[in-house]
Amino acid sequence: MAKILVVDDSPADLRFLTEALAPTGHSVVSSTDAKDVERLVETERPDLALLDVVMPERNGYETLRALRRMPAAAGMKVIFVSSKGAESDVKWGLRQGAVDYLIKPYTPEQLTTLLGRHL
């Protein structure tokens, strides 16, 4: 099974994602602080990250760009999870290097399907 890093500043969204991932059998590491991501990637070496876009202090795009500079994140896939669902938002997220984009609100089934494509 894979290790998945979940980063979202909303405790409710973080809890929903974590609970939706529980039946998949994947290991989950989570944080509400985007500034903690590099440390978690260094110590946990996740296979995939689910990153919120809109977060205080550092948004998901900035976080992804920081991850791309880290040798520890080489090969790690990133999926943006966001309420910003306009076509331009999705295209911009993919141009930043994400492998996919999940628009909130979503169902656990949509999340599971998405993970099946990338893990």
Side-chain angles (χ1 to χ4, degrees):
M1 297 275 86
K3 185 177 284 190
I4 300 173
L5 172 62
V6 179
V7 183
D8 197 309
D9 63 307
S10 163
D13 286 340
L14 194 65
R15 187 172 45 257
F16 182 81
L17 264 170
T18 303
E19 289 173 5
L21 290 168
T24 68
H26 298 300
S27 172
V28 178
V29 178
S30 62
S31 178
T32 57
D33 186 357
K35 290 187 171 190
D36 196 32
V37 171
E38 288 93 340
R39 182 190 63 78
L40 287 171
V41 168
E42 284 285 344
T43 59
E44 298 292 336
R45 304 291 174 137
D47 302 294
L48 183 136
L50 297 169
L51 267 182
D52 186 17
V53 172
V54 181
M55 294 184 284
E57 298 185 42
R58 185 165 82 168
N59 67 41
Y61 304 133
E62 294 165 326
T63 303
L64 176 55
R65 286 192 291 271
L67 289 173
R68 292 296 177 233
R69 293 188 296 268
M70 293 179 61
M76 182 182 75
K77 296 178 180 181
V78 173
I79 297 173
F80 282 123
V81 182
S82 181
S83 58
K84 293 179 61 112
E87 185 178 342
S88 60
D89 295 318
V90 175
K91 284 182 179 180
W92 181 248
L94 297 175
R95 286 169 93 186
Q96 298 306 300
V99 296
D100 223 319
Y101 198 105
L102 183 62
I103 300 168
K104 296 176 185 179
Y106 56 88
T107 65
E109 293 77 21
Q110 289 171 309
L111 176 62
T112 303
T113 298
L114 199 61
L115 292 178
R117 273 189 238 152
H118 299 290
L119 291 176

Taking it one step at a time, do L17 and Y106 satisfy side chain to side chain contact (heavy atoms under 4.5 Å, CB included)? CA-CA 10 Å; L17 264 170; Y106 56 88; 3.0 Å; yes

For R39, check side chain to side chain donor-acceptor pair (under 3.5 Å) against everything at least two apart and list the hits. D36

What's the spacing between L114 CG and Q110 CD if we round to 0.5 Å? 9.0 Å

N/O donor-acceptor pair under 3.5 Å between E62 side chain and N59 backbone: yes

Among residues at least two apart in sequence or on other chains, which ones pass salt bridge (Lys or Arg N to Asp or Glu O under 4.0 Å) with E57? K35

Residue pairs passing the side chain to side chain donor-acceptor pair (under 3.5 Å) test with at least one member in residues 18-33, sequence neighbours excluded, are none

V29 vs I4, test: side chain to side chain contact (heavy atoms under 4.5 Å, CB included). Steps then yes/no. CA-CA 6 Å; V29 178; I4 300 173; over 6 Å; no

Sidechain-backbone polar pair: K77 side chain, A98 backbone, donor-acceptor under 3.5 Å: no

Set of residues satisfying side chain to side chain donor-acceptor pair (under 3.5 Å) with respect to E38, sequence neighbours excluded: R58

Are V78 and I103 co-members of a hydrophobic cluster defined by side-chain heavy atoms under 4.5 Å apart? yes

For A20 versus L111, what's the shortest heavy-atom pair and its separation? CB-CD2, 3.7 Å

Hey, quick one: are V6 and L119 part of the same hydrophobic cluster, counting side-chain heavy atoms closer than 4.5 Å, chains of contacts allowed? yes

Does anything in residues 89-103 form a side chain to side chain donor-acceptor pair (under 3.5 Å)? List the pairs, not counting sequence neighbours. R65-Q96, E87-K91, D100-R117, D100-H118

In short, A34 meets M55 closest at the heavy-atom pair CB-CE, 3.6 Å

Heavy-atom closest pair (L94 atom, V99 atom, distance to 0.1 Å) is CD2-C, 4.0 Å

Hphob cluster co-occupancy, I79 + V90, side-chain heavy atoms under 4.5 angstrom: no

With L5, the side-chain contact (heavy atoms from CB on, under 4.5 Å) member among V28, D47, V41, L48: V41

Single-linkage hydrophobic cluster, 4.5 Å side-chain cutoff, L40 and F80 together: yes

Quick one: closest heavy-atom pair of L67 and A73, and the distance? O-CB, 3.3 Å

Step-by-step side chain to side chain contact (heavy atoms under 4.5 Å, CB included) determination, L50 to V7: CA-CA 6 Å; L50 297 169; V7 183; over 6 Å; no

Output every pair passing side chain to side chain donor-acceptor pair (under 3.5 Å) with a member in residues 7-16, not counting sequence neighbours, ordered by first then second residue. D8-K104, D13-K104

Intermediate values then yes/no, side chain to side chain contact (heavy atoms under 4.5 Å, CB included), M70 and E42: CA-CA 9 Å; M70 293 179 61; E42 284 285 344; 3.4 Å; yes

On a heavy-atom basis, which atom in F16 and which in P108 lie closest, and how many Å separate them? CZ-CD, 3.9 Å

Are the side chains of D52 and V81 in contact, using a 4.5 Å heavy-atom criterion? no

